[in-house]
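Here is the structure we will look at, set down as structure tokens.
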Number of protein chains: 2
Amino acid sequence: MNIGEAARASGVSAKMVRYYESIGLIRPAARTEAGYRVYGPDDVNTLRFVKRARSLGFSMEETAELLNLWRDKTRASADVKAFALKHVTDLERRIAELQGMAATLRHLAQCCAGDQRPDCPILDDLAQANQTPSPSPSSRA
Amino acid sequence: MNIGEAARASGVSAKMVRYYESIGLIRPAARTEAGYRVYGPDDVNTLRFVKRARSLGFSMEETAELLNLWRDKTRASADVKAFALKHVTDLERRIAELQGMAATLRHLAQCCAGDQRPDCPILDDLAQANQTPSPSPSSRA
DNA sequence: TATGGGGCTTCCCATGGTGGGAAGGTCAAG
DNA sequence: CTTGACCTTCCCACCATGGGAAGCCCCATA
């Protein structure tokens, strides 16, 4: 199987397949005499694994760790579970962060008349620190 | 005010202040004869504005847009509000994405015994496609 | 057998933001 | 005048991903 076919079969772009190989995430593919990379069904599976892990928000580094766990047939499922739950915690932190932003913005938007007048509490908040009423054009400096 | 002071006063690193200038997000600072950048209180305000916008998840491009709105004393608050709410929608999309990941992982983790045995539905899911039991070392190819 | 088109190879560049650091000029205090 | 802190520019790195160029390879069809 050529890299293109493997890419189509796995949903990972050929570009990324090469990249994953270059950073050592996946093992170097075998080559034809002409230098073409050759893939087998197991390689495609690995790529799919990577793709799925990425789509669940794992970083490259974490994905590598998951690959190690996957390949280590003697791992304890507890290790995998802990790893997954650590990531969930991570995701929750990021979610909370975004939710904080959204809440703030929603609040500000609610305070904004949203009409033709220029006065806007949203901008006022962004400028928070004593944004002078309209004095000088010195911010043009 | 030197760049270092402006950085401390605004909470934006000197490095980023120069970067913001270089990409045209903020206007080039005045210079001393020796070439040192000079900032005034209004510039610090602008930097704070940028910092706040960034902390609310606006991209550089969006932040530039907000700066334009801010500087345009004739803008309609409706425009600002719409802009903010568009961003909220964006944040909500990202939140939903992360929540989907977290939900999937929580579900998988729940299905995982989490003991000393190697069997793990989490890895099984990542490998989903007929991950062969233990047949060939061909993925080593 | 020649040719064309599509696939492969490597290599470089860009993104978005941020930080690190080197090499050299400047300024203020002692 | 020296020293140390600060400034300047410039390059490099990260994390993933995509774009594209230059050149080689393979296959099918004429």
Side-chain angles (χ1 to χ4, degrees), chain A residues 1-26 28-40 43-44 46-67 87 90-91 94 97-98 101, chain B residues 1-26 28-40 43-44 46-67 87 90-91 94 97-98 101:
Chain A
M1 213 192 297
N2 274 344
I3 195 171
E5 292 171 83
R8 276 184 295 275
S10 65
V12 177
S13 74
K15 208 96 187 187
M16 290 315 296
V17 174
R18 291 190 201 99
Y19 173 68
Y20 290 161
E21 180 184 306
S22 81
I23 62 167
L25 181 68
I26 59 178
R31 301 282 187 134
T32 66
E33 290 181 10
Y36 280 27
R37 287 177 182 78
V38 178
Y39 298 89
D43 299 309
V44 171
T46 301
L47 288 171
R48 275 204 273 251
F49 183 101
V50 170
K51 187 186 160 77
R52 180 96 175 106
R54 299 283 303 132
S55 81
L56 287 174
F58 289 99
S59 69
M60 295 276 95
E61 208 177 354
E62 290 165 333
T63 301
E65 185 58 39
L66 282 171
L67 272 176
H87 185 55
D90 228 62
L91 289 169
R94 285 154 67 189
E97 218 172 300
L98 294 180
M101 297 178 189
Chain B
M1 216 194 298
N2 274 345
I3 196 172
E5 291 171 84
R8 275 185 295 275
S10 65
V12 177
S13 75
K15 206 94 188 188
M16 290 317 295
V17 174
R18 290 191 201 99
Y19 173 69
Y20 290 160
E21 181 184 306
S22 80
I23 62 168
L25 180 68
I26 60 178
R31 301 282 186 134
T32 66
E33 290 182 11
Y36 281 27
R37 286 177 182 80
V38 178
Y39 297 90
D43 300 308
V44 172
T46 302
L47 288 171
R48 275 204 273 250
F49 183 102
V50 170
K51 186 184 160 77
R52 180 96 175 106
R54 299 282 303 132
S55 81
L56 287 174
F58 289 99
S59 69
M60 295 276 96
E61 207 177 356
E62 290 165 332
T63 301
E65 184 57 38
L66 283 170
L67 273 175
H87 185 55
D90 227 63
L91 289 169
R94 284 154 67 189
E97 217 172 300
L98 294 180
M101 297 177 189

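In what follows, chains are A, B, ... by sequence order, proteins preceding strands, each numbered from 1.
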Note to self: For a quick test of reading the model, state the closest non-hydrogen atom pair linking A:Ala14 to A:Ile3 and the distance between them.
What the structure shows: O-CD1, 3.6 Å

Next item on the list: Give the nucleotide from the list D:dT9, D:dC26, D:dC7 with an atom nearest to the side chain of B:Arg31.
Entry: D:dT9

Note to self: So, taking the atom named CG in A:Leu67 and the one named OH in A:Tyr20, what distance separates them when rounded to the nearest 0.5 Å?
What the structure shows: 10.5 Å

Check: Atom CD1 of A:Ile23 and atom P of D:dT17: how far apart are they, to the nearest Å?
Finding: 9 Å

Note to self: Testing the basics here: between B:Ile23 and B:Met60, what is the closest heavy-atom pair and its distance to 0.1 Å?
What the structure shows: CD1-SD, 4.1 Å

Next item on the list: Find the distance between OG1 (A:Thr32) and CG (A:Asn2) and round it off to the nearest 0.5 Å.
Entry: 8.0 Å

Check: How many angstroms lie between atom OG1 of A:Thr46 and atom NZ of A:Lys51, to the nearest 0.5 angstrom?
Finding: 15.0 Å

Margin query: With rounding to the nearest 0.5 angstrom, report the CE to OG distance, B:Met16 to B:Ser22.
Written below: 8.5 Å

Check: Where along residues 54-62 of chain B does a heavy atom come under 4.0 Å from DNA chain C, residue by residue in number order?
Finding: B:Arg54, B:Ser59, B:Met60

Next item on the list: Search all heavy atoms of B:Ala7 against all heavy atoms of B:Ser13 and return the closest pair with its distance.
Entry: CB-C, 4.0 Å

Checklist line | Comparing B:Thr32 and A:Asn2 on DNA chain C - which has the more 5′ nearest nucleotide | finding: A:Asn2

Next item on the list: Tell me, please, the opening and closing nucleotides of DNA chain C, 5' to 3', among those with an atom under 4.0 angstrom from a non-hydrogen atom of chain A.
Entry: C:dG7 to C:dT10

Checklist line | Interatomic distance where CE belongs to A:Met16 and P belongs to D:dC15 [whole Å] | finding: 12 Å

Margin query: I need the single residue from B:Glu65, B:His87, B:Arg52 that forms a side-chain contact (heavy atoms from CB on, under 4.5 Å) with B:Phe58. Which is it?
Written below: B:His87

Next item on the list: Check whether any side-chain nitrogen or oxygen of B:Arg37 sits under 4.0 Å from OP1 or OP2 of D:dC7, and answer yes or no.
Entry: no

